[in-house]
S.K.: 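The structure follows.
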Number of protein chains: 2
Amino acid sequence: MGFEYLTNVPLSQAREDYLARLQSHGFGPKTEVIPVFESCGRVTARAVYAHICAPHYAASAMDGVAVNAKDTFGATETTPVTLSPEQFVVLDTGDPIPEDRDAVIMVEDIVKNEDGSITIHAAAAPWQHIRQIGEDVCAGEMILPSHMTVSPAAIGAMIAGGVLEIEVIRKPVVGIIPTGDEIIPPCTDPKPGDILEFNGSIFSAMVRQWGAEAVVYPIVPDKFDQIKAMVAKAASECDMVILNAGSSAGREDFSARVIRELGEVLYHGIAIKPGKPAILGCQGEKVILGVPGYPVSGIIVIEQLLKPLIDHWLTVPAAAAQYAAATLTRPIVSGLKYQEFVRVRMGCVGGRLMASPLSRGSGVVSSFMKADGILEVPQGLEGFEAGAEVNVRLLSSMDKLQNTLVVIGSHDPLLDELADMLHLENPELYMSSSHVGSMGGIMAIRRGEAHAAGCHLLDTADGSYNRSFIRKYFPKGGVRLISCVGRQQGLMVAKGNPLNIQKFSDITGNFVRYVNRQKGSGTRILTDYLCKRENVDTSAIYGYDREELTHTSVAAQIVSSSADAGMGIYSAAKLYDLDFIPICIEEYDLIIPDHAWDTPMVQELLTILKSDGFREKLLSLGGYTVDNPGEVIPV
Amino acid sequence: MGFEYLTNVPLSQAREDYLARLQSHGFGPKTEVIPVFESCGRVTARAVYAHICAPHYAASAMDGVAVNAKDTFGATETTPVTLSPEQFVVLDTGDPIPEDRDAVIMVEDIVKNEDGSITIHAAAAPWQHIRQIGEDVCAGEMILPSHMTVSPAAIGAMIAGGVLEIEVIRKPVVGIIPTGDEIIPPCTDPKPGDILEFNGSIFSAMVRQWGAEAVVYPIVPDKFDQIKAMVAKAASECDMVILNAGSSAGREDFSARVIRELGEVLYHGIAIKPGKPAILGCQGEKVILGVPGYPVSGIIVIEQLLKPLIDHWLTVPAAAAQYAAATLTRPIVSGLKYQEFVRVRMGCVGGRLMASPLSRGSGVVSSFMKADGILEVPQGLEGFEAGAEVNVRLLSSMDKLQNTLVVIGSHDPLLDELADMLHLENPELYMSSSHVGSMGGIMAIRRGEAHAAGCHLLDTADGSYNRSFIRKYFPKGGVRLISCVGRQQGLMVAKGNPLNIQKFSDITGNFVRYVNRQKGSGTRILTDYLCKRENVDTSAIYGYDREELTHTSVAAQIVSSSADAGMGIYSAAKLYDLDFIPICIEEYDLIIPDHAWDTPMVQELLTILKSDGFREKLLSLGGYTVDNPGEVIPV
């Protein structure tokens with residue numbers, strides 16, 4: 001325990017120095033010869049010249065007859081010329097022109113006579129309707145320069161030019177070595193402490209997307225000699241090696257030592273976050289990159305440090321990253337010491353592109369899956385305020401962002417089902433939902449950040465749901481409240497209810513480990529209200545401050561015995577096969593701002609809410625009632 | 001011979017009806033189950049739900065000690081709390097939290113005492129530094145909706161969620177059947193009349209780029225029963241079949257009959273050019289598309305009619321085509337009856353995007369390779385005038401177009417070598433050259449269509465080259481003349497000079513078949529001048545009107561015995577191993593407009609002209625002299 005990074009070198013310098021060092025050892029593109037018909041998308045190693053002409057013979061461009069043009073001179077409408085069978089040769093398109101002929105007359109322009117001769121009413125110009133030798137490609141001509149990507153048509157031109165094999169840039173081979181005593185191959189029933197090896201699958205998919213080949217080596221335990229032997233093997237078999245260290249802090253030291261004994265370490269510690277423990281090493285011209293164990297850190301390190309090397313090897317300029325200006329919905333605080341890469345979810349609402357920071361946990365790989373863009377906070381900048389105009393590197397296309405229904409607010413698993421139905425119904429439409437609770441949803445609508453918000457807010461004064469909140473938070477109108485579902489709320493407890501919890505007030509006392517929802521969520525407001533109504537002192541509830549963001553994550557804590565009880569909806573309890581003590585039925589509705597009403601996304605959403613498919617889906621989830629989903633509720 | 005297309009149905013209607021008919025027979029996406037780690041880029045067939053939580057156990061997020069938070073309550077800087085060895089468990093990042101602990105204290109925040117106890121100066125909040133179960137993914141949660149493309153991070157999230165296999169849309173399999181008695185497998189020494197089979201390689205590369213799999217069947221001769229048997233076999237093995245008919249007109253009838261006997265023909269004849277003889281057929285849900293034999297027609301038919309079916313099958317919206325407004329450099333005349341697809345070469349000159357129509361011959365596959373865009377002329381429109389603003393579908397990226405040096409003018413093989421050197425020197429720069437002769441180059445510069453023009457124009461009054469033409473055509477300046485090379489011009493004749501041609505005037509008389517260059521080319525002007533000087537009557541030269549566009553294509557005609565003599569440069573004669581009768585040395589220079597001078601492309605070009613590499617290249621080509629290449633010539 002205890003570890004210091006040796007360097008904190010800025011990313012751009014690290015990249016430049018790394019490439020220069022590798023090049024000094026001979027790093028650079030290697031080539032191979034492959035059949036032309038397999039070369040689509042590959043990059044030419046050198047200029048390709050035609051071996052033969054295409055066409056390689058003078059060919060008829062029409063169905064008709066080949067003649068000697070001189071025999072036809074003088075033919076006109078009034079002075080037709082008749083050619084004897086010896087003077088012409090019948091041929092089809094593509095047929096070679098006989099040696100002593102130099103023009104073709106189209107079949108439409110000849111009159112056949114009974115004696116086998118033909119009559120024509122116009123002279124043929126020499127070489128008319130003949131595809132000249134080399135019309136397409138001339139022997140010796142350059143078909144493709146060096147370092148160009150081969151297109152389907154270029155394959156045709158090369159084969160036509162008699163080129164059957166081509167020297168191309170070989171794809172660099174990236175070897176990926178997962179290490180760690182706790183790392184096990186993917187399975188569906190890991191034991192506590194086991195960590196499933198999925199980085200290898202992520203990294204190999206990434207490098208394949210960039211044009212390299214990937215080899216994932218077997219998992220190596222945390223034994224110095226075994227790791228060293230595997231890295232040496234990978235370096236001998238591959239062009240680049242990713243040594244994926246475990247996630248605990250001492251591991252990178254271990255990796256650095258392995259690399260240093262096999263070759264050299266240029267830098268250990270880069271000024272980026274996540275990813276600072278990266279190790280830039282090599283064994284001669286072979287790249288050996290030490291990558292942190294957390295998947296998000298690994299993804300950033302590989303993208304920022306390995307991809308430029310692959311691009312350099314492949315010699316083709318990488319597709320330029322697409323950037324777009326967006327409004328930041330929440331502040332980002334960043335350390336001055338590092339260049340930070342913040343994953344953001346994006347959406348286009350009311351004509352504005354919005355960017356919301358996602359979880360910054362390095363272990364949360366799903367945050368990368370959900371990310372629509374990366375906000376790069378430069379080294380030396382403290383971050384950005386909410387509302388700042390920022391320049392985001394796009395991971396999703398603008399097309400997709402403009403067709404994405406942005407739902408921010410209370411969580412319900414049915415939102416995912418709606419997302420599925422929406423995209424199935426219209427493949428051009430997408431939905432992204434963020435779980436920030438009912439009040440968070442109202443605020444997001446007010447700030448113009450969402451097309452819709454899920455909401456189930458109890459008015460404790462009159463027992464009504466949502467309507468009074470709309471009146472309060474949107475006094476000037478501008479939004480519609482759309483009926484969605486009635487939901488069964490209650491206490492989720494372990495299967496068999498071992499602590500014999502019967503009513504809400506049973507959650508007090510140290511023997512029950514409670515797991516709560518975050519402040520501002522409808523379920524939390526309901527829980528607080530129930531505490532007040534039942535005269536339960538919240539400080540007497542153990543774990544009342546332990547907050548989860550969704551019904552399912554509350555259920556997950558209970559099913560894994562890290563908590564005993566929590567409020568949530570029936571469908572979440574059913575999903576995890578938990579016992580459920582019903583407390584009340586609440587109204588879960590959607591708030592939709594007027595400006596979003598006529599978007600194709602909202603209109604499709606309303607159609608789905610009213611569909612039979614939606615009712616059937618709710619039935620299968622359980623714990624929902626439906627009245628008039630999709631109808632506007634008067635407020 | 002003689003053939004009528006049965007229909008002339010508009011493209012959009014053909015597409016719509018074809019899909020509807022196929023769907024009525026059950027056409028649509030099929031699925032398969034594959035390992036998740038191989039699923040990158042594939043499309044989910046249905047929503048994917050997590051089987052387990054990730055993390056699947058409460059894990060330490062730090063190196064430190066696990067404690068029961070209650071034991072630490074009250075600890076502050078002034079009232080430290082000491083924990084006995086029984087009260088804490090040392091653990092590393094990722095280790096599971098022992099059952100009766102609920103918080104982690106970082107190693108940096110503890111003081112180790114000699115008796116094995118530890119002292120802390122701050123209370124631990126319950127669940128601090130613990131990665132809660134399901135923080136990344138909750139069991140039962142939807143990881144990916146249906147019909148979404150799998151990303152590398154999604155692979156990680158799925159494996160973390162215990163999903164090891166995934167149902168994805170199967171790639172449709174496209175079977176390609178080349179037919180024709182004259183079609184032979186690719187080789188380097190075809191006999192006259194042989195046509196190399198390369199359409200199969202083009203089409204399979206195209207459909208693979210679109211996400212399908214391709215199978216190319218053996219070439220089938222023009223025998224009805226053999227073709228029918230092969231189509232039946234392909235339809236039983238594939239989802240879609242391309243029946244690639246020969247290029248002569250009767251062939252499509254043959255194909256249509258085959259398809260009709262196996263299934264049905266919806267349309268035979270689409271209102272597009274090229275591609276009108278396409279046959280839209282099927283056998284049940286299996287697509288059978290009859291495609292014309294000419295490669296360019298085939299490419300258009302497959303792109304316009306098969307790609308939409310593949311897109312539909314794959315369920316993901318195809319990337320939207322990119323369009324850009326460009327100025328047309330030459331007029332396009334189009335038939336009213338068809339929607340026409342014209343291949344254009346594009347370039348960005350002086351801030352304007354220019355589009356120049358390429359050869360419209362259906363057999364010229366290299367024209368597709370060179371095309372930067374497709375100009376679609378709608379049905380019912382007669383075409384466009386030169387200078388018209390047109391909307392072009394881009395095949396090259398705007399990035400590439402903005403970095404392409406556009407050279408229009410006189411042809412010389414060294415231009416291709418310069419293109420190669422330019423791109424090798426700076427992979428972001430490209431060069432495209434069009435061969436329109438020296439006068440054509442001057443006109444292109446005047447119209448602002450090129451960054452540079454190759455030029456070798458003899459002033460017959462004083463024997464000088466180029467300078468007087470610059471003064472005449474650019475009276476107000478605005479261009480610079482750049483010294484390039486001296487070139488040996490002469491008569492190219494067959495190896496061994498069988499006709500014993502000794503001097504220029506020997507080209508007269510019917511026994512010599514001459515092949516000329518196009519009007520406006522420097523070589524043609526030189527030839528015309530020589531005729532005048534030597535008192536040669538051009539009407540006495542057989543083939544004087546037969547025009548080729550490049551030195552190499554003139555040489556190609558001679559080497560293949562379709563002509564006996566032609567004027568050209570030494571390097572072209574050398575390339576084809578022809579005999580060469582030297583006539584004169586001319587100056588081949590480059591005209592560069594002032595507005596292009598400071599572009600990176602022109603500056604790189606000048607650097608290369610002055611380089612040793614350029615001199616060495618000229619030496620290897622032969623027939624060139626160099627003085628001060630890259631220097632400005634005073635005019």
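Since the model is a prediction, treat every value here as computed from it, not as a measurement.
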S.K.: Search all heavy atoms of B/M142 against all heavy atoms of A/D416 and return the closest pair with its distance.
M.R.: CE-O, 3.3 Å
S.K.: If I compare all heavy atoms of B/A61 with all of A/Y294, which pair ends up nearest, and what's the gap?
M.R.: O-OH, 4.2 Å
S.K.: Could you tell me which non-hydrogen atom of B/S560 sits nearest to which non-hydrogen atom of A/I133, and how far apart they are?
M.R.: OG-CD1, 2.5 Å
S.K.: Not counting sequence neighbours, which residues clear side chain to side chain contact (heavy atoms under 4.5 Å, CB included) with B/V296? List them please.
M.R.: B/P274, B/R343, B/S367, B/F368
S.K.: I'd like to know if the side chain of B/D136 reaches the main chain of A/V365, judged simply by a donor and an acceptor atom lying under 3.5 Å from each other, with no hydrogens or angles considered.
M.R.: yes
S.K.: Looking at every heavy atom in both A/G162 and B/T188, which two are closest together, and how far apart are they?
M.R.: O-CG2, 3.0 Å
S.K.: Taking all non-hydrogen atoms of both residues, which atom of B/D194 and which atom of A/H56 are closest, and how far apart?
M.R.: O-NE2, 2.9 Å
S.K.: Under 4.5 Å heavy-atom distance to chain A, tell me which part of B/S562 shows up: side chain, backbone, both or neither.
M.R.: both
S.K.: Nearest 0.5 angstrom please: B/Y542 OH to A/D102 CG, how far?
M.R.: 3.5 Å
S.K.: Which residues pass the salt bridge (Lys or Arg N to Asp or Glu O under 4.0 Å) test with A/E38, sequence neighbours left out?
M.R.: none
S.K.: Can you tell if the side chain of A/R546 reaches within under 4.5 Å of the side chain of B/Q132, non-hydrogen atoms only?
M.R.: yes
S.K.: Closest approach of B/I143 and A/M369, non-hydrogen atoms and distance?
M.R.: O-CE, 3.4 Å
